[in-house]
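Quick note: residue numbers are just sequence positions, from 1.
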Amino acid sequence: QVQLVESGGGLVQAGGSLRLSCAASGRTFSVYNMGWFRQAPGKERELVAAVSRSGFNTYYIDSVKGRFTISKDNAKNSVYLQMNSLKPEDTAVYYCATTSTSLDWAPGYSFWGQGTQVTVSS
């Protein structure tokens with residue numbers, strides 16, 4: 001079992017930046033690939049970015065490529081999402097989750113956190 005706690009969300013103007021953090025406890029963090037999901041009101045939850053257990057391999061959806069950067073610090077049992085050039089359409093609740101399968105296979109993720117709200121004003 002892994003417990004995840006997200007933080008770092010907030011209200012920011014378009015073009016601004018935020019850094020989300022996800023702290024993990026429980027089973028060995030380093031064995032998991034990690035992902036960040038988001039869910040906007042009235043929309044399905046989508047996988048935004050993912051990083052391999054080693055931190056060397058990453059995955060991003062097209063709409064955030066070049067703007068978001070995911071990273072993993074196994075020594076701190078944490079994963080981060082640096083979000084730059086934010087747009088109003090990035091507004092959502094952001095969640096971190098773990099997977100032992102492929103980075104880009106959303107159904108493989110589990111052990112969700114409670115989420116952190118990101119709101120981007122125009």
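- In this structure, CD on Q114 lies 8.0 Å from SG on C96, to the nearest 0.5 angstrom.
- Between Y109 and T98 the shortest side-chain heavy-atom distance does not fall below 4.5 Å.
- Considering OG1 of T69 and CG of N84, their distance stands at 6.5 Å, rounded to 0.5 Å.
- Between the S78 side chain and the K76 main chain, a donor and an acceptor come within less than 3.5 Å of each other.
- A salt bridge links D62 with K65: the distance from a Lys NZ or Arg NE/NH1/NH2 to an Asp or Glu carboxylate oxygen falls below 4.0 Å.
- Counting only N and O atoms by type, the side chains of S52 and N33 include no donor and acceptor under 3.5 Å apart.
- Under the 3.5 Å distance criterion, the side-chain polar atoms of S21 are left unmatched by any main-chain donor or acceptor of S7.
- Taking hydrophobic clusters as Ile, Leu, Val, Met, Phe, Trp and Tyr residues chained together by side-chain heavy-atom distances below 4.5 Å, V79 shares a cluster with V93.
- Here the CG-SG distance, from D73 to C22, works out to 12.5 Å after rounding to the nearest 0.5 Å.
- Cluster annotation: I70 is connected to I61 through the hydrophobic network of ILVMFWY side chains, with a link wherever side-chain heavy atoms come within less than 4.5 Å.
- If you chain together hydrophobic residues whose side chains sit under 4.5 Å apart, V5 and Y32 never meet in one group.
- Put simply, the side chain of T116 reaches to within 4.5 Å of the side chain of L20, judged on heavy atoms.
- Linking Ile, Leu, Val, Met, Phe, Trp and Tyr residues whenever their side-chain heavy atoms come within less than 4.5 Å places M34 and V31 in a single cluster.
- Scanning all heavy atoms of the two residues, the minimum distance from S122 to P88 falls at CB-CG, 3.8 Å.
- Here W36 and F68 keep their ring centres 6.0 angstrom or further from each other.
- Note: T119 OG1 to L18 CG = 9.5 Å, rounded to the nearest 0.5 Å.
- L103 and L47 fall within the same hydrophobic cluster, defined by Ile, Leu, Val, Met, Phe, Trp and Tyr side-chain heavy atoms under 4.5 Å apart, directly or through other members.
- Across K72 and R53, no two heavy atoms sit closer than the pair NZ-O, 3.0 Å.
- Residues M83 and Y94 have side chains in contact (heavy-atom distance under 4.5 Å, counting atoms from C-beta outward).
- Under the salt bridge (charged side-chain N to carboxylate O under 4.0 Å, His left out) rule, R38 has a single partner from E6, E46, E89, which is E46.
- When all heavy atoms of Y95 and G113 are compared, the pair lying nearest together is CD2-O, 3.6 Å.
- Using a 4.5 Å cut-off on side-chain heavy atoms (C-beta onward), Q117 and T91 make contact.
- In this structure, OH on Y60 lies 12.0 Å from CZ on R67, to the nearest 0.5 angstrom.
- Side-chain atoms of S102 do not come within 3.5 Å of backbone N or O of D104 as any donor-acceptor pair.
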